[in-house]
Amino acid sequence: MSRSGFQHATVIGSGPNGLAAAIELARGGYSVQVLEAENTIGGGTRSGELTLPGFVHDICSAVHPLALASPFFRTLPLTAHGLEWIQPPASLAHPLDDGTAVMLEKSIADTCENLGEDGAAYRKLIEPLVDDWENLFTDLLAPLGFPKHPLTFTRFGLSAMRSAQGLAKSHFKGERARAIFAGIASHSMLSLDSAFSASFALVLAVAGHAVGWAIPRGGSQKIADSLNSYLRSLGGEIITGRRVESIDDLLTSESVVVCDLTTHGLLKVAGHLLPKNYRRKLERFRYDAGAFKIDWALSEPIPWKSTDCARAATVHLGGTFAEIIASENAPPAGRHAEKPFVLLAQPSLFDASRAPEGKHTAWGYCHVPNGSTFDMTERIENQIERFAPGFRDCIIKRKSSSPADMERYNANLVGGNISGGSNDIRQLFLRPTRRLYSTPVSGLYLCSSSTPPGGGVHGMCGFYAARQALKNR
Ligand SMILES: Cc1cc2nc3c(=O)[nH]c(=O)nc-3n(C[C@H](O)[C@H](O)[C@H](O)COP(=O)(O)OP(=O)(O)OC[C@H]3O[C@@H](n4cnc5c(N)ncnc54)[C@H](O)[C@@H]3O)c2cc1C
């Protein structure tokens with residue numbers, strides 16, 4: 001069946017990638033409808049009163065360097081559609097047991113000063129990448145191909161391909177630089193001796209200087225709302241509360257279907273149409289560590305030992321380099337870390353709209369084995385108490401979410417995995433198969449974080465999937 005003459009696109013799922021695909025397809029001349037299973041839009045960019053009335057929590061994503069660095073989002077008039085970014089004074093704080101915090105400051109010079117003996121080594125590693133960050137992110141937040149900016153890309157690649165553990169040990173002498181580097185690399189959800197785990201630390205550190213680890217005023221829901229508002233201005237629409245069970249009625253000679261779904265989701269809605277060979281490849285796609293998350297309503301700001309921690313929306317709680325390595329090695333081995341590395345966000349310090357006057361919110365998670373049912377609440381709170389004695393006394397209410405709770409909330413969080421599938425070397429570039437966004441079925445595309453460039457709120461998977469659909473029109 002010839003598929004030239006497509007006029008309509010159905011996007012399944014309204015996560016940031018689904019909305020990015022919908023926008024690009026609408027800009028390309030399609031009439032677009034987005035079908036979302038849940039009653040609210042946004043997928044991993046939703047906010048809600050999870051604990052008590054008036055306390056607005058980010059249910060998934062909270063801090064958004066990649067949204068700000070995204071070559072696609074940067075072209076969209078999202079500010080005109082209600083999105084406002086807040087830049088905390090520092091990108092990241094990483095407290096240590098001596099009562100100080102290692103800081104990823106906006107300024108490279110201030111960060112170097114903070115790193116002491118490793119300041120010069122840090123500058124040598126990061127500064128050339130920050131100087132050319134726009135070109136770097138154009139190549140990085142894209143499917144792998146010949147880079148448009150080969151010099152910067154090669155400079156990045158030589159360090160990025162290494163393990164975070166190896167790079168930190170060979171490049172830095174002191175605990176401070178090694179610890180903060182390992183903490184940032186933990187966003188990979190890989191054990192830190194894995195190839196390419198260093199790339200996550202480099203990307204996020206560069207973004208910390210280039211664009212800042214910013215938060216949206218009002219919560220991450222505002223990202224989805226602004227994308228929705230812009231989509232509507234282009235004539236697109238979103239229908240919520242509509243879980244797609246099969247694409248049979250959606251894929252027609254006039255209509256393409258673009259799925260903001262994981263491989264599991266794609267198999268569910270279209271498995272019966274896919275050739276056996278491709279189906280098998282989707283079935284073999286791996287999902288590694290899950291997340292165990294807690295949201296807190298707090299009576300006051302977190303009482304950090306280091307006051308520097310109150311200058312950043314993101315705080316990494318893991319202590320030393322060795323402790324973080326041990327924590328991140330646990331989930332791939334099926335274990336739960338005794339002292340988990342905790343990624344914490346404290347948005348209400350910078351955004352009064354998140355909590356009733358004088359009150360606060362916080363969000364924190366750690367990595368656990370995929371599908372784990374173990375309750376990490378106590379271990380996570382022990383880590384916070386370690387760097388902020390008295391934290392537990394500030395808790396008015398908490399909501400803990402296991403990997404299973406997360407998957408119930410959003411079918412894309414397979415076993416609690418938040419990155420759309422493992423970022424290991426076999427899946428980092430060719431995800432979920434060599435076909436990337438296309439499938440063997442004409443008119444059927446995949447646009448979720450199970451495609452390149454993977455997890456995070458940047459919309460680039462959606463953008464490239466839409467470009468592919470427009471090219472094949
Ligand atoms: C706890 C947590 C913390 C995170 N923190 C950050 C962060 O701070 N910064 C950051 O950049 N990223 C963060 N992320 C990752 C980020 O949220 C995801 O990478 C991003 O949302 C992926 O976008 P997506 O569009 O691919 O999929 P999703 O956002 O998961 O959206 C998929 C959508 O599809 C819908 N759907 C699924 N199946 C169907 C169906 N059959 N029919 C209709 N609709 C369906 C789902 O309901 C969902 O709305 C975090 C994620 C989690 C879970």
Side-chain angles (χ1 to χ4, degrees), residues 10-22 33-46 57-70 73 141 187 189 200 203-204 207 213-216 219-220 223-224 227 238-247 250 257-262 264-270 290-295 313-314 343-345 347 363-367 401-403 405-421 423 431 446-463 465:
T10 303
V11 176
I12 305 175
S14 68
N17 285 312
L19 294 176
Q33 187 174 61
V34 181
L35 303 178
E36 167 56 49
E38 303 301 331
N39 292 328
T40 52
I41 65 160
T45 49
R46 275 183 272 181
H57 302 275
D58 285 332
I59 302 169
C60 297
S61 74
V63 183
H64 294 95
L66 295 181
L68 278 165
S70 161
F73 283 172
L141 293 180
H187 286 259
M189 302 191 80
F200 288 79
V203 167
L204 291 172
W213 289 22
I215 57 171
S220 67
I223 300 176
L227 290 167
I238 306 183
I239 297 177
T240 54
R242 172 81 196 277
R243 184 174 301 277
V244 174
E245 305 292 349
S246 163
I247 61 163
L250 302 174
V257 174
V258 181
C259 299
D260 187 10
L261 304 175
T262 61
H264 286 214
L266 183 62
L267 283 164
K268 253 185 216 150
V269 301
F292 186 99
K293 177 171 181 268
I294 313 179
D295 289 280
T314 309
L343 303 94
L344 182 139
W363 153 125
Y365 71 91
C366 71
H367 300 145
S401 303
S402 68
D405 296 327
M406 297 223 194
E407 195 168 349
R408 257 193 302 279
Y409 161 76
N410 176 353
N412 279 29
L413 303 173
V414 177
N417 181 264
I418 72 171
S419 54
N423 292 314
R431 31 193 309 125
L446 190 62
C447 76
S448 72
S449 58
S450 301
T451 63
V457 175
H458 44 63
M460 296 308 293
C461 312
F463 169 74

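Note that ligands are numbered from 1 as they come in the structure, with each ligand's atoms numbered from 1 the same way.
A pairwise comparison of heavy atoms in D58 and K293 identifies O-NZ, 2.9 Å as the closest pair. The minimum heavy-atom distance between S448 and N17, with the atom names listed, is C-ND2, 3.8 Å. Here the shortest heavy-atom pairing between G420 and S449 reads CA-OG, 3.4 Å. Nearest heavy atoms, S401 versus M406: O-CE, 4.0 Å.
Atom 9 (N) of ligand 1 has V63 O, 2.8 Å as its closest protein atom, hydrogens excluded (heavy atom only). The protein heavy-atom contact nearest to atom 36 (N) of ligand 1 is L261 CD2, 4.0 Å. In terms of protein heavy-atom proximity, atom 29 (O) of ligand 1 is closest to G44 N, 2.7 Å. Here the heavy atom of the protein found nearest to atom 5 (N) of ligand 1 is S61 CA, 3.3 Å. When only non-hydrogen protein atoms are considered, atom 49 (O) of ligand 1 lies nearest to E36 OE1, 2.6 Å. The closest protein non-hydrogen atom to atom 32 (C) of ligand 1 is N412 ND2, 3.3 Å. The shortest contact between atom 15 (C) of ligand 1 and any protein heavy atom is with I418 O, 3.8 Å. In this structure, the protein non-hydrogen atom closest to atom 43 (C) of ligand 1 is A37 N, 3.2 Å.
Heavy-atom proximity to S448, at under 4.0 Å, picks out these atoms of ligand 1: 26 (O). Near R243, the atoms of ligand 1 lying under 4.0 angstrom from a non-hydrogen atom of the residue are 41 (N), 42 (N). Contact atoms of ligand 1 toward E38: 47 (O) (distance under 4.0 Å to a heavy atom of the residue). Within the listing of ligand 1, atoms 33 (C), 34 (O), 35 (C), 44 (N) sit less than 4.0 angstrom from a heavy atom of G13. Ligand-side atoms of ligand 1 in range of G15: 25 (O), 28 (P), 29 (O), 31 (O), 33 (C), range being under 4.0 angstrom from any heavy atom. Heavy-atom proximity to I12, at under 4.0 Å, picks out these atoms of ligand 1: 40 (C), 42 (N), 43 (C). Contact atoms of ligand 1 toward G43: 29 (O), 31 (O), 48 (C), 49 (O) (distance under 4.0 Å to a heavy atom of the residue). Here is the list of ligand 1 atoms found below 4.0 Å of a heavy atom in L35: 43 (C), 44 (N).
Considering D260, V257, I239, T240 as possible partners of L35, the one that fulfils the side-chain contact (heavy atoms from CB on, under 4.5 Å) test is I239.
When the heavy-atom distances from atom 19 (O) of ligand 1 to G364, G42, G456, G420 are ranked, the shortest goes to G456. Comparing A67, C60, G462, A62 against atom 8 (O) of ligand 1, the shortest heavy-atom distance belongs to A62. In the candidate list E407, R242, K293, K293 is nearest to atom 1 (C) of ligand 1, counting heavy atoms. For atom 42 (N) of ligand 1, the choice among I59, T262, V244 with the nearest heavy atom turns out to be V244.
Of the N or O atoms in Y365, none lie within a sub-3.5 Å distance of an N or O in ligand 1. In terms of polar-atom proximity, V457 is counted as a contact of ligand 1, with an N or O under 3.5 Å from an N or O of the ligand. The shortest N or O to N or O distance between S449 and ligand 1 is below 3.5 Å. Polar contact check, D260 against ligand 1: a nitrogen or oxygen pair lies under 3.5 Å apart. Note: an N/O pair closer than 3.5 Å links N17 and ligand 1 by distance alone. Here's the thing with G455: none of its N/O atoms is less than 3.5 angstrom from an N/O atom of ligand 1.
Contact annotation: N410 has at least one heavy atom less than 4.0 Å from an atom of ligand 1. By the 4.0 Å heavy-atom criterion, G265 is excluded from the residues contacting ligand 1. Heavy-atom separations between P16 and ligand 1 include at least one value shorter than 4.0 Å. Heavy-atom separations between R46 and ligand 1 include at least one value shorter than 4.0 Å. The shell of residues lying under 4.0 angstrom from ligand 1, judged by heavy atoms, excludes K268.
Contact annotation for A291 and ligand 1: no heavy atom of the residue comes within less than 4.0 Å of the ligand.
Residues meeting the salt bridge (charged side-chain N to carboxylate O under 4.0 Å, His left out) test with R243, sequence neighbours left out: E38.
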